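Report on the structure given below.
Letters A, B, ... are given to chains in the order of the sequence lines, protein chains preceding strands, and every chain is numbered from 1. This structure is a prediction, so every number in the text was calculated from the model and none was measured.
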There are 2 protein chains.
Amino acid sequence: MPITLRDVAEQAQVSVRTVSNVVAGYTHVSERTRLRVQAAIEELDYRPNLVARTLRTGRTGVLALVVPEIDVPYFAELAREVIDAAAELGYRVMVDQTGHDHERERRLLTGADRTMLFDGVLFSPLVTPGELAEMEPSRSMPLVLLGEHDFDGRYDHVAIDNVQAAHDATAHLIARGRTRVAAIGTQPDEDYTTPRQRTLGYERALHEAGLTPDRELLRPAAHYRRADGYDAASALLTLPQPPDAIFCYSDLLAMGAMRAVFDAGARVPDDVAVIGIDDIEEGQYTHPSLSTVSLDTPFIARQAVGRIAERISDPDTPAIEVTAPHTLVERESTTSTT
Amino acid sequence: MPITLRDVAEQAQVSVRTVSNVVAGYTHVSERTRLRVQAAIEELDYRPNLVARTLRTGRTGVLALVVPEIDVPYFAELAREVIDAAAELGYRVMVDQTGHDHERERRLLTGADRTMLFDGVLFSPLVTPGELAEMEPSRSMPLVLLGEHDFDGRYDHVAIDNVQAAHDATAHLIARGRTRVAAIGTQPDEDYTTPRQRTLGYERALHEAGLTPDRELLRPAAHYRRADGYDAASALLTLPQPPDAIFCYSDLLAMGAMRAVFDAGARVPDDVAVIGIDDIEEGQYTHPSLSTVSLDTPFIARQAVGRIAERISDPDTPAIEVTAPHTLVERESTTSTT
DNA sequence: TTGTAGGCGTTATCAA
DNA sequence: TTGATAACGCCTACAA
């Protein structure tokens with residue numbers, strides 16, 4: 001039996017309308033009644049029922065953050081920033097995992113779950129956009145894409161320049177004197193724009209340096225987890241002509257790759273240099289520490305949340321594309337020192 | 001203008017009551033009308049409004065998972081399992097970060113935010129329970145504690161045996177021939193039960209081995225992050241008599257400690273053995289890989305979610321205490337091999 | 001088996 | 001400035 005507006009109204013000898021006004025802080029209420037209402041609220045320990053408010057106003061104050069796996073450090077760090085940024089704007093965040101389940105991703109996007117539970121969706125697909133391209137951007141559910149950058153302007157997105165980032169990472173390896181540069185993280189499915197863009201940047205850097213891409217050195221990774229990097233790197237190291245450097249499409253892949261190098265009896269960076277993308281905290285503490293392309297995750301989160309808030313208040317605002325900055329961070333995994 | 005029950009009823013030429021019955025799947029509905037209703041639902045693409053349903057039934061189908069920081073790998077892995085376990089029971093999960101903000105933790109617990117947004121709370125405090133002890137377990141908000149184990153039976157909790165786990169880790173170091181065993185992770189505030197219990201287990205293992213605890217070797221860690229482990233271990237290594245082993249109260253602390261050992265020009269495990277608690281995935285890939293006490297996180301998550309579901313359906317069910325199993329996992333950081 | 005009506009707790013409209 | 005009252009969309013007695 002929770003306390004309702006009516007209870008407070010009765011206690012304060014006013015109408016519900018007046019209490020509602022006091023709670024909202026909005027309209028003009030005489031100081032005298034206001035104080036009386038406040039007292040009643042305190043005394044009864046009244047808390048507004050958000051669900052009822054939502055039913056009435058159509059707004060829940062909740063955003064959904066959809067990621068493939070929350071325990072992938074990059075997504076966890078992103079979630080942290082998103083939750084904080086959302087809190088500043090008065091939103092709470094619901095985290096959904098799609099777990100590489102395309103059907104689930106699609107359902108979340110088409111709004112099969114859009115049952116008025118949240119006001120907007122921040123979607124960080126590892127993948128999928130192919131499906132998105134065919135979807136009608138439903139005005140009823142504000143959506144901002146994170147990390148994808150290959151659309152036709154019908155959706156908001158916030159992402160880095162993937163081609164440039166991959167280029168920078170590869171060029172860094174080449175500048176350190178490496179000539180057989182491998183890459184881990186391609187996807188068989190051409191729909192996945194992020195890996196495709198990164199491969200593009202990788203190949204562009206090779207060309208600029210006059211190096212010939214070797215098909216053998218381009219490796220897929222089913223997911224972007226440590227085990228995938230481990231497996232791919234292990235395979236690379238058994239080649240007749242193994243690579244002297246590996247560019248991984250995520251830091252987590254790089255963690256697996258580094259371990260694979262050790263297990264093969266080689267050294268990082270002396271025998272094989274390794275670089276990743278994301279700049280997760282883990283990379284500062286590994287031995288050797290991991291060179292990487294750093295994404296400005298707080299910036300991305302703040303932009304995305306700000307964007308969705310704007311779209312919520314004005315659904316017809318035109319879609320925009322925000323490019324987040326990235327910087328190359330050189331650490332031990334690409335710097336021969338010892 | 002979303003589709004409502006009434007729209008469907010009109011389209012199918014039946015009453016809302018009948019449509020509701022079909023949606024719920026419950027009551028007896030003639031096959032003929034049922035099909036007609038189904039068709040109408042499909043055609044109009046009707047989705048029940050969860051908010052309205054909630055207002056009526058008092059249930060949201062949402063659980064809150066409260067953790068200090070979602071980007072601490074252990075909490076991220078826990079969140080993953082909780083989200084999955086909750087989904088199996090038809091619940092969605094809202095992740096809240098307290099960020100070491102005691103006031104915020106307290107507000108969440110006292111239910112200042114208990115505005116009917118979720119049906120229950122899974123609370124994994126890094127800390128606090130002191131406050132909890134004084135609180136009235138509010139029957140209005142089902143609560144399950146994760147990782148804490150020191151209460152008087154008024155709350156459900158799911159946790160490992162912290163004393164035993166710490167004892168096992170310490171005993172393992174001693175069994176490997178170490179005699180100056182340090183510990184990182186104590187808290188100045190005695191209210192924090194988990195660190196206190198772990199210190200207890202640590203000291204017990206020392207005593208059993210006939211070793212005298214050295215106050216110098218017992219180090220606090222403000223939070224349980226890599227940087228804290230790094231700082232504490234660095235300080236330990238400058239002692240006149242540095243330790244030959246370090247037991248860290250979390251794997252993340254251990255990651256920082258290992259890095260500190262390297263930066264001090266020493267080796268793990270040859271000069272200093274390191275062991276943690278949690279068994280996060282990261283520890284399998286570091287170099288050297290990290291020995292640890294493995295928690296059965298999927299078990300913990302499933303127990304917790306099951307428990308909260310039970311308490312939601314019967315608020316008066318007596319509080320129980322679930323002890324999750326733990327196992328020692330020996331890896332390279334405590335095994336001299338090379 | 002199905003229809004009608006009332007209420008969950010808010011906010012918003014319309015008077016007063 | 002404040003009061004009464006109608007929605008918001010759903011579920012569920014109570015009837016039929």
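Of the possible polar contacts, none joining the A:R311 side chain to the A:L143 backbone as a donor-acceptor pair under 3.5 Å is found. Using a distance-only test at 3.5 Å, with no hydrogens or angles considered, a donor-acceptor pair links the side chain of B:D156 to the main chain of B:I320.
Out of D:dC14, D:dT1, C:dA12, the shortest distance to the side chain of A:R17 is found at C:dA12. Checking D:dC10, D:dT2, D:dA6 against the side-chain heavy atoms of A:R56 singles out D:dA6 as nearest. The side chain of B:N49 sits closest to D:dC10 out of C:dT11, C:dT2, D:dC10. Taking the side chain of B:S15 as heavy atoms from C-beta on, and the options C:dG3, D:dT1, D:dC11, the nearest nucleotide is C:dG3. Considering only the side chain of A:T33, D:dT2 comes nearest among D:dT2, D:dA7, C:dG6.
Not one side-chain nitrogen or oxygen of B:T4 sits closer than 4.0 Å to the OP1 or OP2 atom of D:dG9. Considering only side-chain N and O atoms, A:S20 lies under 4.0 angstrom from the phosphate OP1 or OP2 of C:dT11.
Among the atoms of the strands shown, none is found under 4.0 Å from any heavy atom of A:T54.
At whole-Å resolution of the value, CG in A:N21 and C1' in D:dT1 are 9 Å apart. With rounding to whole Å, B:R6 atom CZ is found 10 Å from D:dA7 atom C1'. The distance from atom CG of B:L55 to atom P of D:dC10 is 12 Å, rounded to the nearest whole Å.
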#### Entry: Residue pair B:D71, B:R225: steps toward the salt bridge (Lys or Arg N to Asp or Glu O under 4.0 Å) verdict
CA-CA 10 Å; B:D71 63 337; B:R225 302 193 63 124; 3.3 Å; yes

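The closest side-chain heavy-atom distance from A:D84 to A:R80 is below 4.5 Å.
Take the nearest nucleotide of DNA chain C for B:V16 and for B:A52: the residue whose nucleotide is more 5' is B:V16.
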